[in-house]
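Okay, so here's the structure we're looking at.
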There are 4 protein chains.
Amino acid sequence: MSGVFGVYSPSPVEAADLTYLGLYALQHRGQESAGIAVFDGSAVRVHKGPGPVSRVFDEASLKGLPGRVSVGHVRHAERGAPSAADAQPLVGLLRHGQLALAHDGSVVNAGALRRELLEAGVVFQTETSAEVILHLIAAEAGVSLEEAICRAARRLVGSYAIGIVGQGRLIGIRDPLGIRPLAVGRSGDAWFVASESCAFDAAGAELVRDVAPGEMVVIDEEGLRSLRFAEGAREAMCVFEFIYFARPDSVIDGKTVHEVRKEIGRRLARKVAIEADVVIAAPDSASSAALGFAETAGIPFDVGLATNRYVGRTFIQPTPAMRRRGVHIKHNPIVETLRGKRVILVDDSIVRGTTSRRMIRLLKEAGAKEVHMVVASPPFSHPCLYGIDVPSSDQLIAAGRSVNEVCRLIGADSLHYLDFESLYQAVGVDGRRLCAACFGAPYPTPVDGGASQGGDVLAKGRM
Amino acid sequence: MSGVFGVYSPSPVEAADLTYLGLYALQHRGQESAGIAVFDGSAVRVHKGPGPVSRVFDEASLKGLPGRVSVGHVRHAERGAPSAADAQPLVGLLRHGQLALAHDGSVVNAGALRRELLEAGVVFQTETSAEVILHLIAAEAGVSLEEAICRAARRLVGSYAIGIVGQGRLIGIRDPLGIRPLAVGRSGDAWFVASESCAFDAAGAELVRDVAPGEMVVIDEEGLRSLRFAEGAREAMCVFEFIYFARPDSVIDGKTVHEVRKEIGRRLARKVAIEADVVIAAPDSASSAALGFAETAGIPFDVGLATNRYVGRTFIQPTPAMRRRGVHIKHNPIVETLRGKRVILVDDSIVRGTTSRRMIRLLKEAGAKEVHMVVASPPFSHPCLYGIDVPSSDQLIAAGRSVNEVCRLIGADSLHYLDFESLYQAVGVDGRRLCAACFGAPYPTPVDGGASQGGDVLAKGRM
Amino acid sequence: MSGVFGVYSPSPVEAADLTYLGLYALQHRGQESAGIAVFDGSAVRVHKGPGPVSRVFDEASLKGLPGRVSVGHVRHAERGAPSAADAQPLVGLLRHGQLALAHDGSVVNAGALRRELLEAGVVFQTETSAEVILHLIAAEAGVSLEEAICRAARRLVGSYAIGIVGQGRLIGIRDPLGIRPLAVGRSGDAWFVASESCAFDAAGAELVRDVAPGEMVVIDEEGLRSLRFAEGAREAMCVFEFIYFARPDSVIDGKTVHEVRKEIGRRLARKVAIEADVVIAAPDSASSAALGFAETAGIPFDVGLATNRYVGRTFIQPTPAMRRRGVHIKHNPIVETLRGKRVILVDDSIVRGTTSRRMIRLLKEAGAKEVHMVVASPPFSHPCLYGIDVPSSDQLIAAGRSVNEVCRLIGADSLHYLDFESLYQAVGVDGRRLCAACFGAPYPTPVDGGASQGGDVLAKGRM
Amino acid sequence: MSGVFGVYSPSPVEAADLTYLGLYALQHRGQESAGIAVFDGSAVRVHKGPGPVSRVFDEASLKGLPGRVSVGHVRHAERGAPSAADAQPLVGLLRHGQLALAHDGSVVNAGALRRELLEAGVVFQTETSAEVILHLIAAEAGVSLEEAICRAARRLVGSYAIGIVGQGRLIGIRDPLGIRPLAVGRSGDAWFVASESCAFDAAGAELVRDVAPGEMVVIDEEGLRSLRFAEGAREAMCVFEFIYFARPDSVIDGKTVHEVRKEIGRRLARKVAIEADVVIAAPDSASSAALGFAETAGIPFDVGLATNRYVGRTFIQPTPAMRRRGVHIKHNPIVETLRGKRVILVDDSIVRGTTSRRMIRLLKEAGAKEVHMVVASPPFSHPCLYGIDVPSSDQLIAAGRSVNEVCRLIGADSLHYLDFESLYQAVGVDGRRLCAACFGAPYPTPVDGGASQGGDVLAKGRM
């Protein structure tokens with residue numbers, strides 16, 4: 001999972017500064033690396049590196065990126081250990097001139113395409129799908145840049161929301177299934193593309209519309225043009241964006257994410273009848289669903305777990321001996337909310353189950369009489385092929401286990417999942433337009449992109 | 001305002017690691033500097049520096065602090081610009097051996113004491129009250145360390161909660177008015193002192209009780225001993241700890257802070273009758289009061305402003321030109337919660353008023369029909385002399401202005417403050433046991449500690 | 001100008017540690033960036049970055065590079081501003097597997113090759129010739145790695161001494177003219193390649209022999225094999241290595257550099273008859289020549305300028321106002337050596353002339369009665385096309401000026417250059433085996449590699 | 001051993017920038033820490049920290065130190081491990097206002113004075129003698145700052161060259177024996193004090209004269225005033241400054257250090273008759289003596305060991321296994337100078353003997369037929385009490401051993417030390433005016449300052 005943000009402004013503007021703000025708003029989509037590439041009128045400059053935006057950029061590095069057209073990226077590691085060399089945007093010089101490319105998503109047939117390209121004499125310097133895409137574009141001779149990108153895109157199976165700066169233009173494309181989100185924004189005569197609309201707010205722009213599945217938008221001095229490069233048999237927007245990934249203040253497919261989550265909570269409350277004294281949210285993302293649940297269930301919403309927001313990447317993990325002392329690092333129960341109470345704990349999803357088990361134990365140690373777990377999604381049972389970083393099936397607690405078994409493993413007094421029907425109604429979209437493969441629905445693409453990636457290992461390390 | 005944390009363990013334990021966890025839990029009390037001093041059986045070692053705990057400490061620095069007795073400090077700048085040299089704990093060698101001292105509070109007569117000590121031949125190397133206290137202790141010849149500390153404390157006017165490591169012991173003292181909080185915790189045979197009980201939770205310990213106003217606790221291999229070094233005419237616990245400063249999961253004077261704040265909200269709702277559609281909390285500290293208000297008023301609580309929690313100290317502030325673009329950096333309205341709604345915005349206090357004005361404008365731009373501001377404290381009209389970093393009177397929006405004037409300045413449709421009576425009832429303490437001087441109640445100590453500090457400027461800069 | 005160092009060891013050895021030592025010994029060949037790539041038995045890992053070896057590597061980064069086969073690089077910027085992305089070794093995955101490649105030299109036809117490769121669909125991610133070479137190798141299908149490298153090399157015009165790690169082997173190649181040096185070393189069963197023999201000494205190995213012009217050496221578990229991939233019409237070893245670039249303790253083409261320089265000094269003394277009291281060397285590289293001159297001239301050698309060896313990359317340059325105060329930063333005259341004396345100042349070369357002018361002024365201000373400048377090379381009048389970073393002709397003080405004019409411009413009382421004949425005799429090599437193009441001899445390759453590089457600009461910035 | 005540099009300028013000047021240059025010139029006197037304190041017209045600011053000047057200062061930190069009066073310090077650790085808290089200048093506020101104090105030397109009775117001051121109620125925050133001196137000054141009531149400093153100085157036994165900024169003045173004092181050097185410089189209307197005259201050259205100033213033993217110079221808007229605060233029975237200038245410590249371009253007591261060292265070499269050559277082919281200098285400080293020796297002995301001087309000047313503080317030491325490989329890190333023999341030759345190796349002194357042994361082995365491995373060691377000082381047999389960091393007696397190879405024994409231990413073919421008479425003649429000063437205690441001459445002060453420092457340990461660690 002990654003975040004993409006791009007700017008095109010005909011009038012003078014510091015595109016890098018706006019991109020910096022946009023990437024800050026998308027920081028929740030990835031903190032492994034960050035980067036901004038800017039076209040300064042004659043060449044593309046890039047600054048990127050490992051870590052969150054705050055660590056990669058300072059005033060000097062932003063000042064070193066003048067220009068009115070830019071694309072930025074925040075990145076969650078793709079499969080395998082993160083490699084600093086894989087930071088994006090990727091910048092390459094090819095027959096169409098210099099391109100800077102930032103990709104969110106996961107190309108299922110990347111391995112097969114890499115093998116094919118190696119046979120054709122290509123040199124790979126990163127392990128990213130972004131580089132595969134760059135080589136596919138470079139291979140298209142005798143056509144315009146736009147056409148080369150379209151042809152390259154048609155070779156890809158999987159998910160991709162891509163921002164490209166090339167030939168002085170800003171280009172955005174979204175895969176034919178529309179798995180990963182991508183939207184267009186505007187402020188005066190400046191155009192923007194972003195993974196989520198909250199990034200437009202951050203940069204002082206307004207959401208215009210989503211980029212459609214299979215659409216390419218090209219922005220230059222004549223404004224925005226739209227091309228349809230592929231017609232999907234169906235759509236398959238990632239439903240997990242609504243459940244967990246996107247920021248609550250973002251608007252996707254016309255819906256405010258916070259409101260979708262509240263509606264999920266409301267629908268859960270209508271189906272699940274539990275006698276309880278208080279509804280609390282699992283930190284830090286389940287507040288919206290918990291508020292909706294509490295409202296419909298008529299049970300008070302309260303804060304049950306205080307969060308230490310200073311505990312971040314640089315926190316030194318306690319030793320096992322310290323852990324056994326019962327240290328409460330990141331979350332601390334608020335005893336008065338919990339003691340002697342029947343507690344409903346709402347969370348967005350259960351992946352491995354370890355966090356749920358730890359939270360429930362915390363709540364019980366703080367005096368909760370009962371803890372009933374309500375989950376704002378169906379059981380998470382299958383790996384995601386399209387960019388969400390989840391463990392393999394054998395580590396998914398719901399894979400091959402009944403609800404009762406999961407309930408027992410996490411130590412809850414009862415466990416309640418959302419059903420598909422309620423999920424689709426809350427999102428307000430026909431289930432056939434969504435990808436819910438992680439919850440057991442069919443994968444919307446061929447699953448094997450052409451076998452394993454064995455041997456395709458590239459150098460790891462710091463650039 | 002600062003945070004203090006100390007450990008004494010008769011059995012082997014890495015006191016520095018526990019102190020690290022405790023300081024993380026107290027990080028909200030100051031991020032200007034952090035430090036830990038540990039007695040290793042023969043000498044005290046200290047590691048300290050500017051910035052939050054995460055920046056000052058890494059694994060190597062913690063490993064360099066072996067020992068079972070320690071004291072740590074996080075610091076908000078005292079008056080004036082912060083100076084790296086002023087990081088605490090302050091470590092000095094004096095006739096009683098090596099002492100490490102960490103101080104939370106503000107000594108009102110520090111200027112007068114400094115002048116007196118200078119006359120006596122003292123050399124000051126910092127601008128801290130902590131150093132004044134160290135010199136007062138050093139001046140006491142022919143008495144035990146405990147007695148020297150008691151004598152020194154009796155010379156101080158103002159607020160102080162102090163942790164000291166000396167002669168292999170851990171000592172905690174709290175001023176006779178009990179302005180700043182200090183508590184004792186325990187885990188097995190290890191004892192702890194901390195500014196707030198949430199730090200005990202972080203370190204796997206349990207709150208035993210508050211240190212009493214005018215009490216000194218001395219912890220050594222024989223356990224905890226208590227001395228009363230001063231009898232106050234009254235108590236004057238800082239009420240602002242309950243309203244804003246302390247963490248919601250802390251317990252002070254037997255009350256959970258979250259519950260006190262909820263009760264403030266409930267009492268406000270009983271007094272303030274507003275027709276409204278939704279109650280929202282000002283980020284990030286007014287949730288408890290807003291929940292209490294919503295519950296009693298019977299108006300739904302919701303999230304109106306999303307917070308970008310990645311925006312921290314290293315964020316590069318946008319230029320004024322960027323500001324004019326209407327960028328939404330730290331907070332972003334959730335339109336669906338606000339559009340066409342009559343909104344009650346609950347905040348803990350209004351200091352300068354600039355944040356309130358900005359939030360209300362954000363809400364209205366997002367479509368709120370009305371914004372009614374409800375404040376969980378009386379008008380903040382007077383500077384704090386006891387350690388809370390507030391601007392001078394002329395920058396306090398409520399100083400010399402009527403509620404209506406403030407309401408107009410911040411752009412609210414109505415403005416409602418908490419009354420003193422409700423505040424005291426919510427805290428559950430007789431008003432005469434509290435300091436509410438910042439809200440216009442009398443200052444509990446002589447106000448002038450002996451005139452200005454002119455000329456007492458010490459070198460600033462990095463050590 | 002860069003430095004290359006490679007290790008192949010059949011028995012377990014930390015190749016990265018040995019490469020670290022080797023690169024330290026080659027540090028004088030480039031401080032813009034440094035890097036080491038190691039084959040760990042299954043994949044190549046690389047660590048590289050801007051700055052000298054001391055800044056790029058620490059214990060952790062070396063520990064992260066296990067393996068017995070490695071190649072390292074220190075780099076002086078090629079044409080144009082340095083780009084962090086251009087640090088080497090360059091690691092790529094191509095049809096022959098993963099290659100790590102480190103290049104010293106300058107490929108004259110790089111621009112033409114880049115244009116041709118772009119037409120063929122290649123993506124360039126750096127501006128290095130190393131990447132051009134990598135793409136040329138990748139283009140060779142159906143042949144062994146060695147053969148692919150040979151074919152690629154035959155396409156190159158210019159200078160190249162290259163170390164490659166691929167398919168578990170260490171490969172070294174040197175251009176058919178042998179412009180840049182490259183040698184083979186050995187220690188027990190481990191083999192080494194290095195730009196200069198001083199790097200073998202640093203790593204505890206011994207010089208075996210130079211790699212011959214047009215030779216490729218391939219080192220694997222069966223030892224060293226040699227291939228001749230090109231037969232040059234002539235050789236053209238860079239004579240400036242002997243004059244200035246190489247370390248005095250290195251042995252090139254069988255000659256110790258220090259001894260060659262002393263012999264240059266001796267031959268100069270035989271030709272140049274100056275009445276003088278003392279011979280001093282320009283810091284920091286002309287000592288050898290000055291010693292030889294003094295010995296033969298029978299004039300005492302002494303130290304005239306003390307060097308502050310702490311002034312390095314991070315020194316903050318004084319403002320012009322400070323400069324006008326006459327500050328002596330890097331060099332300071334030793335008055336006793338100079339006052340009232342007729343001084344012979346020996347330097348290895350005069351490029352721009354600014355340093356000579358400044359030194360001569362320093363010496364005169366310190367009381368030197370006369371300053372006669374003796375230069376251990378012919379007039380530097382032409383740019384280098386083969387990797388030595390010199391300014392364009394219009395900044396070369398000797399370009400288009402008589403010796404008398406140069407003498408007057410630098411403020412010397414007399415100026416004496418080395419003649420070609422003496423140079424060749426001192427080096428002990430037929431002038432037709434040397435490249436002395438910078439001194440006005442013919443360039444040994446076609447001069448234009450295929451016109452300008454316009455448009456081939458790649459993104460600059462930090463990776 | 002440390003370095004002191006101070007500036008007083010009546011006309012506007014960036015004193016910090018000049019001090020930065022001066023400290024760079026004195027960097028050889030200590031790299032443990034560096035600092036600059038500047039009086040900005042109302043207060044003293046200081047910036048200091050661990051490491052060399054290049055690491056402690058950047059443009060921002062120098063910009064943060066405006067003002068015309070300053071004092072700076074580079075520091076070699078005093079006894080024991082270095083502590084970052086001990087960086088100087090030390091800044092304190094005392095009855096005489098703010099003082100910044102920088103000290104070179106070693107106070108023999110520091111322990112006794114500390115105990116006395118502790119009894120008087122003093123708090124020590126560092127382990128430096130500088131702090132002892134500050135407290136002694138603070139104790140002097142009712143007198144001027146100058147008088148207080150004089151009285152404090154009279155209590156000190158040992159060596160001290162001190163720069164002080166206080167009350168807008170720059171003050172320099174030198175101990176009555178004149179053990180450590182201190183000089184006065186001038187440039188226009190600006191005055192300077194410095195440990196060595198080379199620092200004046202660096203800052204564009206000129207040496208005026210040495211500060212006399214027992215003299216205090218006070219510089220303010222009325223220029224320089226001189227006070228004699230103590231009359232010594234004798235002088236005892238440290239002879240080791242001439243032999244090793246001072247920079248060759250410095251002038252001390254009217255003698256250029258380089259010339260003194262050459263004269264030592266000449267006198268050695270007159271006494272020592274060795275048949276040899278070449279004279280080489282031990283890197284990096286014995287060149288002057290070696291040149292003088294070669295000149296008088298009529299044996300050619302040459303370079304026998306090349307130095308890798310990039311190997312500095314951050315170099316990662318090779319493992320013992322690497323060492324056994326025979327790696328040549330810092331020095332590498334130049335074989336051509338040595339092979340088959342009878343070599344005279346000149347060094348300034350032999351302390352532990354380990355370096356001599358290693359160098360001699362290097363030379364023999366490179367083919368030297370004989371290695372005769374000539375030492376430009378008498379046998380180093382006693383520890384220094386006055387600031388030079390040498391090991392204890394049991395680690396001094398010459399302590400209790402005959403010349404023959406030392407010769408055998410270091411593996412030389414013969415070993416020749418300088419005699420006292422020649423030393424005094426070369427320095428050009430009556431031996432009774434010099435301190436040569438490290439060579440076995442009587443210590444010029446009482447040796448025991450009042451017993452051990454047991455218990456006086458202060459906190460170590462980073463400030």
Side-chain angles (χ1 to χ4, degrees), chain C residues 14 17-18 20-21 24-25 27-28 31 52-55 57-59 62 187-188 198 201-205 247-249 251 256 258-259 262 284 287-288 291 294-295 300-303 305-306 308-316 318-319 322 324-329 332-337, chain D residues 14 17-18 20-21 24-25 27-28 31 52-55 57-59 62 187-188 198 201-205 247-249 251 256 258-259 262 284 287-288 291 294-295 300-303 305-306 308-316 318-319 322 324-329 332-337:
Chain C
E14 292 311 324
D17 290 356
L18 292 170
Y20 173 80
L21 295 177
Y24 247 104
Q27 187 73 85
H28 62 289
Q31 302 173 59
V53 179
S54 62
R55 189 170 133 201
F57 289 94
D58 56 17
E59 290 201 44
L62 285 178
S187 164
C198 64
D201 301 329
R247 258 177 51 171
D249 48 333
V251 173
T256 300
H258 171 67
E259 191 51 35
K262 272 187 75 177
D284 298 322
S287 299
S288 307
L291 281 171
E295 175 192 312
F301 170 85
D302 207 341
V303 180
L305 291 166
N308 186 341
R309 62 192 176 89
Y310 301 101
V311 175
R313 309 167 54 89
T314 55
F315 181 79
I316 303 164
T319 57
M322 296 279 281
R324 277 191 298 275
R325 294 184 74 92
V327 297
H328 294 177
I329 309 302
N332 197 29
I334 296 183
V335 174
E336 213 115 351
T337 305
Chain D
E14 292 312 323
D17 290 355
L18 292 170
Y20 173 79
L21 294 178
Y24 247 105
Q27 187 73 83
H28 62 290
Q31 302 173 58
V53 179
S54 61
R55 188 168 135 203
F57 289 94
D58 56 17
E59 290 201 46
L62 285 177
S187 165
C198 65
D201 301 330
R247 258 178 50 172
D249 49 332
V251 174
T256 300
H258 170 66
E259 190 53 32
K262 272 187 73 177
D284 298 323
S287 299
S288 307
L291 281 170
E295 174 193 313
F301 170 85
D302 207 340
V303 180
L305 291 166
N308 186 340
R309 63 191 177 90
Y310 300 102
V311 175
R313 308 166 54 89
T314 54
F315 180 78
I316 302 164
T319 57
M322 296 281 281
R324 276 192 298 275
R325 294 184 73 92
V327 298
H328 294 178
I329 310 302
N332 197 28
I334 296 183
V335 175
E336 212 114 351
T337 305

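Note that the coordinates shown come from a computational prediction; the quantities given were computed from them, not determined experimentally. Numbers restart at 1 for each chain; the letters A, B, ... are given by sequence-line order, proteins then strands.
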remark   = Interface check, chain D: of C/I334, C/V311, C/L305, most non-hydrogen pairs under 4.5 Å belong to C/I334

message = By the definition side-chain contact (heavy atoms from CB on, under 4.5 Å), identify the one residue from D/L62, D/D17, D/V53 that meets it with C/I316.
response = D/L62

ask   = D/F301 vs C/F301 aromatic rings, parallel, tilted or perpendicular, using cut-offs 30° and 60°?
value = parallel

inquiry  = Could you check whether any side-chain N or O of D/N332 sits under 3.5 Å from a backbone N or O of C/D249, counting only pairs where one atom can act as donor and the other as acceptor?
reply    = no

remark   = One option among D/V335, D/D302, D/T314 has the most heavy-atom pairs under 4.5 Å with chain C, and it is D/D302

query = Looking at D/H258, D/R324, D/E259, D/E14, which one has more heavy-atom pairs under 4.5 Å with chain C than the rest?
reply = D/H258

task = Quick one: which of D/V303, D/I329, D/D284 has the most heavy-atom pairs under 4.5 Å with chain C, could you say?
result = D/V303

query = C/L21 and D/M322: side chain to side chain contact (heavy atoms under 4.5 Å, CB included), yes or no, with the steps?
reply = CA-CA 10 Å; C/L21 295 177; D/M322 296 281 281; 3.3 Å; yes

Contact class of D/A203 relative to chain C, heavy atoms under 4.5 angstrom = backbone

ask   = Which region of C/P333, side chain (C-beta onward) or backbone (N, CA, C, O), has a non-hydrogen atom less than 4.5 Å from a non-hydrogen atom of chain D, or is it both or neither?
value = backbone

request  = Answer with side chain, backbone, both or neither: which region of D/T337 has an atom nearer than 4.5 Å to a non-hydrogen atom of chain C?
outcome  = side chain

query = Given a strict heavy-atom distance threshold of 4.5 Å, which part of D/E295 is in contact with chain C: side chain, backbone, both, or neither?
reply = neither

note = Applying a strict 4.5 Å limit to non-hydrogen atoms, the region of C/R247 in contact with chain D is side chain

Distance-minimising heavy-atom pair for D/Y310 and C/Y24 = O-CE2, 3.3 Å

